[in-house]
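Since the structure comes first, as structure tokens, the remarks are kept for the end.
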Amino acid sequence: MNANEIVLTVHPSKFSYDPLEITLTKGKEASLLLKDLDNSDHDIEIKEITVKTENNQYGNHSNAQADFHLHVSGKNEATLTFTLLKSGVYEFYCSIPGHKEMI
Ligand SMILES: [Cu+2]
């Protein structure tokens with residue numbers, strides 16, 4: 001597999017991502033594996049990012065207004081393969097009500 005593989009883990013109880021920062025290379029395909037060790041659902045969302053996705057997985061939240069959205073159910077994992085098209089610094093967060101404040 002030549003895609004840049006990134007693993008992001010959500011830890012139980014005190015909800016936080018590990019790692020808190022990800023570095024991507026513009027124009028290079030990356031595969032993000034979101035691993036949820038918690039019992040509740042979580043997601044990763046980024047607004048105003050320009051990405052190209054292979055399998056347009058905005059899916060689980062059909063009303064998502066973000067440009068990047070990956071949902072994972074509790075004790076599960078989900079993957080999104082995408083390519084960053086524009087460099088910049090972007091904030092990622094969980095869009096589930098109340099979770100963003102807890103990061
Ligand atoms: Cu969450």
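Order of appearance sets the numbers: ligands from 1, and atoms from 1 within every ligand.
- Evaluation of the ring pair (Phe, Tyr, Trp, His ring centres under 6.0 Å) test over residues 23-53, restricted to residues two or more places apart or in two chains, returns Phe15-His42, His42-His99.
- Residues meeting the side chain to side chain contact (heavy atoms under 4.5 Å, CB included) test with Glu91, sequence neighbours left out: Tyr93, Lys100.
- Scored by the side chain to side chain contact (heavy atoms under 4.5 Å, CB included) test, Leu85 finds Thr50, Lys52, Thr83 as partners (sequence neighbours excluded).
- With 3.5 Å as the limit, one finds no donor-acceptor pair spanning the side chains of Asp41 and Ser73.
- Between the side chains of Asp38 and His11, no donor N or O sits under 3.5 Å from an acceptor N or O.
- Panel detail: the Cu ion (ligand 1) has protein N, O or S atoms under 2.8 Å away, 3 in number.
- Linking Ile, Leu, Val, Met, Phe, Trp and Tyr residues whenever their side-chain heavy atoms come within less than 4.5 Å leaves Leu33 and Leu24 in two separate clusters.
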